[in-house]
Each structure stands twice: as structure tokens, then as C-alpha cells.
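Because only heavy atoms are used, hydrogens play no part in the values below, and waters and symmetry mates are left out as well, while side chains stay in.
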Amino acid sequence: MRTRTVRTPVGPAFDVAVQWAPRWARVFRRLRRSHRRNREGADVALDGVGELAGGLDDLGGIVVWIVGAVAFVLGVLLVWLFLVPLLLVVLDLLVVVVVLVLAFVGRLLLRRPWAVAVTPAGDDDAAAVAVADVMGWRRALRVRDAIGGRLAAGASPEQAVLDVALGDTAVRPRGVAAAVAATGPTGPLV
């Protein structure tokens with residue numbers, strides 16, 4: 001998603017972005033654990049190879065077996081080194097495209113809120129300073145721009161999210177009510 005960097009009149013700059021999937025870290029952790037479990041349980045065994053010595057009575061039979069074994073090994077190597085990776089790449093791309101399309105359609109149809117997050121500018125690993133849950137993709141983009149406008153006007157990130165949430169019932173501020181309640185909407189409570 002395109003991130004908007006907003007400079008405040010006094011103070012630091014902030015990045016305001018619509019987050020696509022904030023809960024995916026748990027999904028990737030689960031996939032890594034299951035992959036690790038499957039890899040540890042894999043055993044490589046060559047059962048049922050049988051007896052390869054049959055038909056090695058004369059020199060011609062030995063040459064045919066050697067040429068056949070080399071051709072078989074080269075064929076397996078070619079398939080293993082070129083065809084299998086190519087098929088896996090195509091299959092991975094197909095799975096990724098299908099998952100992304102289904103996730104996007106599911107997000108739109110199931111009306112899960114989009115997260116509009118305000119983070120310190122340039123720090124991708126920093127936690128969000130303020131977050132607003134917004135129903136609808138286009139509304140999330142408008143809320144991102146509105147929060148950016150409030151930040152540029154000099155509001156704190158928490159106050160910017162609350163101001164935008166007051167004007168729209170489909171916007172819910174997340175985790176900022178306690179920080180602003182102590183100061184009040186216009187300054188410290190006396």
C-alpha cells in the first residue's frame with residue numbers, strides 16, 4: 001500500500017498507511033512450525049531397488065547397463081534440476097495469486113476493517129503510534145488522507161485519529177482513547 005509521509009509543523013514526521021494484513025505474522029509462524037515438523041519427520045530410503053546384477057554375464061550386457069544407468073542418472077538430474085523447479089515456481093506463483101485474490105475478495109465481502117496506522121517516518125519496525133479501524137477500502141484511503149491533513153495541521157497522531165473518527169461512524173480508533181482521555185480533546189484536564 002502506498003504510504004503517505006506527513007511532516008508536522010513542529011515535531012517529527014509520520015507515515016500514514018492502510019495496512020493490508022496486520023495479522024499475517026501469526027499465519028507465517030504457523031506455516032514455519034508445520035514445515036519444520038514435516039522436514040524433521042522425512043526419511044530417505046531406497047526400498048525395493050531389487051537385484052541389479054541380473055544380465056551381467058558378458059561385456060555387452062555390462063556396457064548396456066552402464067550406459068543405461070548414466071542415461072537414467074542424467075535424465076533424473078535434468079528433470080530434478082530444471083523441470084521440477086520450473087513447475088514449483090509456476091505452482092507457487094499460481095497459489096500466491098489465488099490466495100491474494102481470495103483474500104482481497106474475502107476482505108471486501110466479509111467487511112473486515114482495514115487498519116490505518118500512523119507510525120514514525122522512516123522506521124518500518126516501529127510500532128504504530130495510532131491506529132484506526134475503517135470499514136471499506138475507499139473510505140480507508142480517504143481516512144488516511146484526512147489523518148495526514150490533520151497531522152500536517154499540527155494535531156498529534158492520537159488526536160488526528162480521534163478527530164477523523166468523530167466525523168465518521170465507520171471509523172473506530174484503536175488504542176488511542178486512553179492517551180487522549182488524560183489530556184482532553186483540547187489540552188490537559190484541570
K.L.:
Restricting to salt bridge (Lys or Arg N to Asp or Glu O under 4.0 Å), what partner residues turn up for Arg172, sequence neighbours left out?
P.N.:
Asp133
K.L.:
CZ of Arg142 to CD1 of Ile147: how many Å apart, nearest 0.5 Å?
P.N.:
13.0 Å
K.L.:
Just wondering, do Val161 and Pro173 contact through their side chains at under 4.5 Å, heavy atoms?
P.N.:
yes
K.L.:
Compare all side-chain heavy atoms of Val131 with those of Val118 and state whether any distance is below 4.5 angstrom.
P.N.:
no
K.L.:
Might you point out which heavy atoms bring Pro9 and Ala153 nearest each other, and give the distance in Å?
P.N.:
CG-C, 4.1 Å
K.L.:
How long is the gap from CG on Leu151 to CZ on Arg4, to the nearest 0.5 Å?
P.N.:
13.0 Å
K.L.:
Applying side chain to side chain contact (heavy atoms under 4.5 Å, CB included), can you list everything that pairs with Ala146, at least two apart in sequence or on another chain?
P.N.:
Val164
K.L.:
Please tabulate, for the side chains in residues 69-96, all donor-acceptor contacts under 3.5 angstrom to protein atoms that are two or more places apart in sequence or on a different chain.
P.N.:
none

K.L.:
Between CD of Glu158 and CG of Asp163, what distance do you get to the nearest 0.5 Å?
P.N.:
11.5 Å
K.L.:
Would you say Thr119 and Phe14 make side-chain contact, with heavy atoms under 4.5 Å?
P.N.:
no
K.L.:
List, by chain and then residue number, the residues other than Val10 in its hydrophobic cluster (Ile/Leu/Val/Met/Phe/Trp/Tyr, side-chain heavy atoms under 4.5 Å); write none if there are no others.
P.N.:
none
K.L.:
If the condition is side chain to side chain donor-acceptor pair (under 3.5 Å), which residues does Arg139 pass it with, not counting sequence neighbours?
P.N.:
Asp168
K.L.:
Taking all heavy atoms of Ala127 and all of Pro120, pick out the closest pair and write down the distance.
P.N.:
O-CD, 3.9 Å
K.L.:
When hydrophobic residues are tied together by side-chain contacts of less than 4.5 Å, even through go-betweens, does Leu141 share a cluster with Phe104?
P.N.:
yes
K.L.:
Kindly compute the distance separating CG (Asp15) from OG1 (Thr3), expressed to the nearest 0.5 Å.
P.N.:
6.0 Å
K.L.:
Closest approach of Val171 and Ala132, non-hydrogen atoms and distance?
P.N.:
CG1-CB, 4.0 Å
K.L.:
If you look only at pairs with a residue in residues 109-136, which of them pass as a ring pair (Phe, Tyr, Trp, His ring centres under 6.0 Å), with sequence neighbours excluded?
P.N.:
Trp20-Trp114, Trp114-Trp137
